[in-house]
Protein chains: 2
Amino acid sequence: MAAIETPAEPLAIGEVAERTGLTVHALRFYEREGLLVGPIQRTAGGRRRYTTLDVDWLQICVKLRESGMPLADLKRFAELVRHGRGNEAERLRLLDAHRQRVDAQIQALEECRSVITWKVGVYAEHLARGEADGLWAPTPEPRTQGLSGGSASDRP
Amino acid sequence: MAAIETPAEPLAIGEVAERTGLTVHALRFYEREGLLVGPIQRTAGGRRRYTTLDVDWLQICVKLRESGMPLADLKRFAELVRHGRGNEAERLRLLDAHRQRVDAQIQALEECRSVITWKVGVYAEHLARGEADGLWAPTPEPRTQGLSGGSASDRP
DNA sequence: CTACGATCTAGAGCGAGGTCTAGATCAAGT
DNA sequence: ACTTGATCTAGACCTCGCTCTAGATCGTAG
């Protein structure tokens with residue numbers, strides 16, 4: 001139990017692609033863009049060898065990207081981590097700001113969801129009753145602007 | 001109270017931009033792309049006049065876009081509505097499919113959120129204790145791959 | 001040795017979703 | 001009439017985030 005340093009065995013780019021869900025192209029792209037923390041090791045022949053720590057970081061990247069963090073922020077974060085000790089406060093700020101954005105996003109999505117659900121309900125009801133007129137009619141009389149002959153308040 | 005047909009007074013594009021949050025450019029773009037249900041009325045001079053129903057539809061569009069519906073789907077939906085009665089089942093399907101995507105998205109975001117929250121917690125703790133080493137250290141010894149001398153399991 | 005598949009680099013290309021420009025026209029205030 | 005600001009059209013342009021060549025090289029199985 002002396003040193004747990006060795007990250008199992010290093011992985012080739014294809015294997016990393018499989019376990020992160022990124023394409024090999026994206027992996028190389030991320031690297032070029034400086035989104036990775038450390039330089040990726042290479043074999044004598046020049047092939048990339050990813051350690052499990054590299055993969056861990058990539059998995060975080062995937063999560064952050066999924067939740068809408070722009071590559072620029074991801075890059076900034078990677079830079080902070082790469083630079084090492086002393087900037088943890090900034091890392092914290094970055095992550096926390098992102099978390100707030102995620103919260104806002106969840107809120108917004110939930111609102112959308114309820115709007116949609118309500119609308120689905122409206123359609124379902126009309127379908128069930130076999131009558132589906134008066135729902136967002138295609139403005140049959142452009143000149144008078146009279147819409148579908150119904151109250152125009154709740155049709156969207 | 002005979003007919004509530006008249007949608008108050010028609011709005012100019014700038015006013016619609018204000019109340020939908022879209023730019024005037026985007027509004028014209030949406031129109032060109034066929035994302036609107038009816039043709040927008042024009043003044044004698046050729047300026048667009050939006051009815052409140054147009055604005056309602058645009059607000060729905062905004063919600064659907066916010067929740068990630070691609071323009072292509074929005075267009076399809078607009079086409080269905082424009083075409084009128086008889087395709088309500090398809091509209092329902094479209095909306096419902098989208099709602100499912102939104103649900104999945106919320107799920108994913110919540111997962112991301114918890115990952116981030118946990119990570120924020122880790123940083124906060126380290127900051128509080130004034131010691132911030134061993135967190136995603138910048139792989140100081142590329143040759144041995146020894147990382148920061150800590151257990152490599154929970155540092156991301 | 002020979003194949004064959006996985007990787008390599010540099011750089012071009014792409015789709016989505018707008019955004020902006022140019023130059024003209026409209027409408028309202030003074 | 002003149003000025004000012006909002007709108008008009010057509011079309012070029014932009015950012016983001018990959019994705020895909022092309023042509024060479026590596027490495028392993030037969």
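As the structure is a prediction and not an experimental result, all values here were calculated from the model. Sequence lines set the chain letters: A, B, ... in the order given, protein chains first and strands last, and positions in each chain run from 1.
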Give the rounded distance in Å between these two atoms: [atom1] of [X] and [atom2] of [N].
X	N	atom1	atom2	value
Phe29(A)	dC14(C)	CZ	C1'	13 Å
Arg49(A)	dT7(C)	CZ	C1'	10 Å
Leu27(A)	dA6(C)	CG	P	16 Å
Lys75(B)	dG17(C)	NZ	P	12 Å
Leu35(B)	dA16(C)	CG	C1'	13 Å

How is [X] classified with respect to the nucleic acid when contacts are heavy atoms under 4.0 Å: base, sugar-phosphate, or nothing?
X	value
Arg28(A)	base
Arg48(B)	sugar-phosphate
Arg32(B)	base

- Message: Quick check on DNA chain C: between Gly68(B) and His25(B), whose nearest nucleotide comes earlier from the 5' end?
- Response: Gly68(B)

- Message: Closer than 3.5 angstrom, by distance alone: can the side chain of Gln59(A) be matched with the main-chain N or O of Trp57(A) as a donor-acceptor pair?
- Response: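 Pair absent, no side-chain N/O of Gln59(A) close to backbone of Trp57(A).
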
- Message: If you take any heavy atom closer than 4.0 Å to DNA chain D, which residues from residues 11-24 of chain B end up in contact?
- Response: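 Contacting residues: Ala12(B), Ile13(B), Gly14(B).
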
- Task: Look at the side-chain N and O atoms of Tyr30(B) and state whether any lies under 4.0 Å from the OP1 or OP2 oxygen of dG18(C).
- Result: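 The answer is yes; a side-chain N or O of Tyr30(B) sits under 4.0 Å from OP1 or OP2.
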
- If you measure from the Lys or Arg side-chain nitrogens to the Asp or Glu carboxylate oxygens, is any gap between Glu9(B) and Arg49(B) under 4.0 Å?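 Salt bridge: no.
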
Who are the salt bridge (charged side-chain N to carboxylate O under 4.0 Å, His left out) partners of [X], not counting sequence neighbours?
X	answer
Glu79(B)	Arg76(B)
Glu110(A)	none
Arg47(B)	none

- Span of DNA chain D in contact with chain A (heavy atoms, under 4.0 Å):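 Going 5' to 3' along DNA chain D, contacts run dG17(D) to dG27(D).
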
Could you go through residues 98-107 of chain A and list every donor-acceptor pair under 3.5 Å that involves a side-chain atom there, pairing it with any protein atom two or more places apart or in another chain?
{"from": "His98(A)", "atom 1": "NE2", "to": "Ser67(A)", "atom 2": "OG", "distance (Å)": "2.9"}
{"from": "Arg99(A)", "atom 1": "NE", "to": "Asp96(A)", "atom 2": "OD1", "distance (Å)": "3.4"}
{"from": "Arg99(A)", "atom 1": "NH2", "to": "Asp96(A)", "atom 2": "OD1", "distance (Å)": "2.6"}
{"from": "Asp103(A)", "atom 1": "OD1", "to": "Arg113(B)", "atom 2": "NH1", "distance (Å)": "2.7"}
{"from": "Asp103(A)", "atom 1": "OD2", "to": "Arg113(B)", "atom 2": "NH1", "distance (Å)": "2.8"}
{"from": "Gln105(A)", "atom 1": "NE2", "to": "Ser67(A)", "atom 2": "O", "distance (Å)": "3.3"}

- Task: Quick one: pull up CD in Glu18(B) and OG1 in Thr23(B) and give me the separation to the nearest 0.5 Å.
- Result: 12.5 Å

- Message: Which heavy atom of Ala78(A) sits nearest to which heavy atom of Leu35(A), and what is that distance?
- Response: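 Closest pair (atom of Ala78(A), atom of Leu35(A), distance): CB-O, 3.5 Å.
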
Write down the protein N/O and nucleotide N/O pairs, taken from nucleotides 25-27 of chain C, whose separation is under 3.5 Å; answer none if there are no such pairs.
{"from": "dT25(C)", "atom 1": "O2", "to": "Arg47(B)", "atom 2": "NH2", "distance (Å)": "3.1"}
{"from": "dC26(C)", "atom 1": "O4'", "to": "Arg47(B)", "atom 2": "NH2", "distance (Å)": "3.3"}

- Query: Got a sec, which residues hit side-chain contact (heavy atoms from CB on, under 4.5 Å) with Ala89(A), two or more places apart in sequence or on another chain?
  - Reply: Arg93(A), Leu127(B)

- Query: Quick one: side-chain contact (heavy atoms from CB on, under 4.5 Å) partners of Glu15(A), sequence neighbours excluded?
  - Reply: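 Per chain and number, Glu15(A) pairs via side-chain contact (heavy atoms from CB on, under 4.5 Å) with Leu11(A), Ala12(A), Arg19(A).
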
- Residue pairs meeting side chain to side chain donor-acceptor pair (under 3.5 Å), one or both in residues 25-36 of chain A, sequence neighbours left out, come to Glu31(A)-Arg48(A)

